[in-house]
Structure formats: structure tokens, C-alpha cells
Peer 1: 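Could you have a look at this structure, given as C-alpha cells, before my questions?
When a ligand or atom number is given, it counts from 1 through the structure's own listing order. Atom set for the values below is all heavy atoms of this structure, side chains included, hydrogens, waters and symmetry mates excluded. Just so you know, residue 1 is the first one in the sequence shown, and it goes up from there.
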Amino acid sequence: MKKETKTIIITGASSGIGRETAFKLAKEGHKVFAGVRKKIDKDELEKLNPNITAVYIDVTNPSSIDKAFWFIIKKADKIDVLINNAGIAVAGAVEFLPIKKIKEQFDVNTFGALQVAQKFMPFLKNGLIINISSMASYGIFPFIAPYCASKRAMDILFNSLLIENKDNIKVVSVKPESIKTPIWNKSVNSAKKTFDLLNEASKNKYKKEFSYLEKNALKNNNSAKEISEVAELIIKIINSKNPKCSYNLGKTALFAQIISLLPDFIVNYFIKLKLSKI
Ligand SMILES: NC(=O)c1ccc[n+]([C@@H]2O[C@H](COP(=O)([O-])OP(=O)(O)OC[C@H]3O[C@@H](n4cnc5c(N)ncnc54)[C@H](OP(=O)(O)O)[C@@H]3O)[C@@H](O)[C@H]2O)c1
């Protein structure tokens with residue numbers, strides 16, 4: 001039996017999970033509108049498969065979302081799936097992180113995703129929104145608290161959207177453990193810039209933790225899962241008649257969920273113990 005061809009929008013398709021997912025969905029025959037921010041990414045993506053149309057979307061810029069909206073609805077009568085994938089990871093010690101950086105984190109991962117969803121919802125009736133959240137949404141990871149909080153906030157807002165909306169729009173949160181993508185290098189580079197601006201006393205306070213964060217990000221990236229695993233899970237969700245509200249990807253994500261169910265003082269005790277040994 002011939003598979004149904006769907007119209008799918010995915011944000012943040014220039015690299016990592018977004019690029020791989022756009023490619024795999026297009027290969028399955030779906031019509032994919034892939035969000036990018038640079039001409040070079042547009043050209044490269046469109047070369048991958050004729051089913052991909054790259055669209056400029058900066059999720060923090062309402063006028064770019066508006067332009068993308070008109071561009072897409074002129075080309076498609078309906079939208080079946082919106083994948084909120086665009087994301088950044090702001091890392092560092094909460095004590096010294098500039099509020100501007102924390103706002104930037106929420107602007108992309110939380111408000112950006114919601115802004116795109118609100119714009120496209122009138123065309124998503126009976127459709128599906130898939131959010132690329134993270135196991136960080138379980139909130140137990142120090143020194144990437146802005147990232148954890150942004151994903152948790154996204155999950156809470158979109159879960160309400162699922163309950164409240166009257167257009168039968170399903171909402172699914174995908175929570176992967178570490179995946180091999182450029183996000184962690186970008187995050188460390190940005191955290192390093194912020195760290196370098198601190199005075200010596202502040203630097204000394206968190207020097208050990210910063211160097212652990214740096215090493216851990218690189219180590220995580222080497223041992224992380226492949227992007228294809230996320231893309232395959234997304235395809236499974238799209239093909240499922242009744243997808244669940246939330247999917248963990250990987251044993252570490254499941255472990256993070258279980259740990260997050262324990263009382264805070266127990267979780268904090270063990271995390272502090274681990275940090276004291278770095
Ligand atoms: N890698 C992991 O371990 C992991 C685990 C769990 C969840 N995730 C989530 O997976 C998603 C994809 O990340 P990734 O790991 O594949 O990293 P990535 O390769 O760095 O991809 C991030 C994507 O987001 C885009 N982006 C950033 N800011 C944007 C903005 N303001 N507007 C539109 N697009 C923007 C980037 O575009 P530019 O190239 O233009 O900057 C890029 O295409 C993120 O939401 C991330 O939180 C990742």
C-alpha cells in the first residue's frame with residue numbers, strides 16, 4: 001500500500017538532528033519545508049533531495065516567521081506536521097550568567113518554538129507538533145540550567161497546548177540523551193566567551209567546574225548517540241496513529257526521568273557529591 005505523503009515543517013535544519021531528519025523525511029517521499037538562516041544552508045539542503053524546500057526562519061524573529069508562513073501556505077494547502085527542532089544550549093554557572101544569555105536561551109528554545117507553533121496552528125488542524133525537547137527537561141543537570149529550564153518550560157507550555165487546543169492537534173515531546181551534533185561545541189565556545197569576561201575572583205570560583213564542563217561536553221559528544229536514531233524515532237512518531245505525549249531516547253534519558261522523580265534533597269545530595277569529586 002502506498003504511504004501517505006505529508007507536508008512537514010522543521011526548524012533548525014542547517015545541521016545536526018534537523019538536517020538529518022529533513023533528509024530522511026524527504027527520502028520517505030514527504031514534502032519538507034526546512035528552516036534555515038543562511039543562504040549556503042538553503043542551497044546545500046535543497047541539493048540533498050527535491051522534496052526539500054528550504055525556508056528562512058529565525059525563530060526569534062516574528063517577521064521572519066511571518067514571511068515563512070506566507071511562503072509555505074502559498075505552496076501547501078495544509079500542514080500535517082510541525083517539528084520544533086531549532087535550539088541552542090547556554091551553559092555556565094547560574095551565579096555569573098548574564099541574564100541576557102539566559103533570555104537568549106528561552107527566546108530560541110521556548111518562545112521561538114511557541115511563536116512558530118502559534119503562527120501555524122490554524123493550518124495544523126488534526127495535525128501533529130513534535131518538539132525536540134531533551135532529557136535536560138528533567139532538570140537534574142547543573143551548569144546547563146538555562147538549557148534544562150528552557151526545555152522544561154517548552155514541555156509545560158506545549159503540554160497545555162495539547163490539552164487546551166480544540167483542533168485535535170497532537171503534541172509530542174521527544175527527549176533524547178546526548179546526540180553527536182555540533183550543539184555541544186557551540187555551547188562550550190559560547191560559555192568560554194562568557195567565562196573569559198569574568199573577573200579573576202569569579203573565574204577562580206568556578207574554574208574547576210568550567211574545565212569539567214568543557215571536557216564533559218567533548219566526552220559526551222564522542223560517546224553520544226547518532227543523529228539517525230533521533231530521525232528514525234521522529235519518523236516512527238509521524239507514522240504512528242496514536243503517538244504518546246513524550247518519548248525518551250536512550251537509557252540515560254530514562255534514567256534521568258527516574259532520578260527526577262526522587263525527592264530534591266536526595267537528587268541534590270548525589271549531584272553535589274559527584275561535583276565534589278571532579
Ligand atoms: N545534540 C544533543 O545532544 C541533543 C540532545 C537532546 C536534544 N537536542 C535538541 O535537538 C535540537 C537540534 O540540535 P542539534 O543537537 O541538532 O544541534 P545543532 O546541529 O547545533 O542544530 C541546531 C539548529 O538550530 C538552529 N538555530 C539556532 N538558533 C536558531 C534561531 N534563532 N532560529 C532558527 N534556527 C536556529 C541552528 O541553525 P544555525 O546553523 O543557523 O545556527 C541549527 O540548525 C535542539 O533543540 C537541541 O536542544 C540535542
Side-chain angles (χ1 to χ4, degrees), residues 9-24 33-45 52 54-65 67-68 82-91 101 103-117 119 129-139 141 144 146-155 158 173-190 216-231 233-234 246-250 252-253 256-257:
I9 304 172
I10 179 162
T11 61
S14 69
S15 67
I17 294 167
R19 187 179 195 274
E20 177 73 5
T21 305
F23 173 65
K24 281 216 153 69
F33 290 99
V36 292
R37 295 192 296 170
K38 292 178 225 83
K39 165 103 174 65
I40 182 168
D41 295 326
K42 176 176 163 58
D43 295 344
E44 270 192 22
L45 267 170
I52 299 180
V55 191
Y56 291 102
I57 309 179
D58 179 333
V59 300
T60 64
N61 179 340
S63 109
S64 113
I65 298 173
K67 277 190 197 140
L82 164 66
I83 307 173
N84 282 313
N85 168 73
I88 57 169
V90 173
K101 295 293 293 180
K103 282 188 176 164
E104 195 183 317
Q105 174 70 91
F106 277 80
D107 278 344
V108 180
N109 292 13
T110 314
F111 308 131
L114 190 58
Q115 220 167 184
V116 175
K119 188 81 203 176
I129 297 174
I130 301 177
N131 286 334
I132 310 305
S133 177
S134 165
M135 68 170 173
S137 169
Y138 294 121
F141 304 96
I144 52 161
Y147 182 65
C148 297
S150 72
K151 293 294 188 183
R152 186 80 199 115
M154 175 172 82
D155 282 341
F158 276 86
S173 165
V174 174
K175 300 183 179 72
E177 58 181 57
S178 293
I179 309 293
K180 263 182 220 160
T181 75
I183 200 169
W184 299 116
N185 264 338
K186 291 185 214 169
S187 169
V188 166
N189 290 340
S190 161
N216 208 38
L218 299 177
K219 195 181 98 201
N220 276 350
N221 210 24
N222 292 337
S223 60
K225 285 194 178 294
E226 300 295 333
I227 40 178
S228 57
E229 293 201 38
V230 190
L233 175 58
I234 293 170
S246 172
Y247 290 78
N248 288 319
L249 197 160
T252 313
Q257 180 179 22

Peer 1: Would you say the side-chain atoms of Ser150 pair up with the backbone N or O of Thr110, donor to acceptor, closer than 3.5 Å?
Peer 2: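 Not a single qualifying donor-acceptor pair exists.
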Peer 1: For the side-chain hydrogen bond (donor to acceptor under 3.5 Å, both in side chains) test, which of Asn248, Asn131, Asp155 pairs with Ser173?
Peer 2: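 It is Asp155; the other options fail the test.
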Peer 1: Do the side chains of Ile183 and Ile17 get nearer than 4.5 Å, heavy atoms only?
Peer 2: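 No; the side chains remain at least 4.5 Å from each other.
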Peer 1: Is a donor on one side and an acceptor on the other found under 3.5 Å between the side chain of Lys67 and the backbone of Ile57?
Peer 2: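 No; judged by distance alone, with no hydrogens or angles, the pair does not exist.
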Peer 1: Got the residues with a heavy atom under 4.0 Å of ligand 1, by chain and number?
Peer 2: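 Within 4.0 Å of ligand 1, protein side: Gly12, Ala13, Ser14, Ser15, Gly16, Ile17, Arg37, Lys38, Ile57, Asp58, Val59, Thr60, Asn85, Ala86, Gly87, Ile88, Val108, Ile132, Ser133, Ser134, Tyr147, Lys151, Pro176, Glu177, Ser178, Ile179, Thr181, Pro182, Ile183, Trp184, Lys186.
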Peer 1: Apply the side-chain contact (heavy atoms from CB on, under 4.5 Å) test between Ser134 and each candidate in Lys175, Glu177, Met154, Lys151; give the one that qualifies.
Peer 2: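 Running side-chain contact (heavy atoms from CB on, under 4.5 Å) over Lys175, Glu177, Met154, Lys151 with Ser134 returns exactly one hit, Lys151.
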Peer 1: I'd like to know if Lys39 and Asp43 make a salt bridge, using a cut-off of under 4.0 Å between side-chain N and carboxylate O.
Peer 2: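 The answer is yes: the pair qualifies as a salt bridge.
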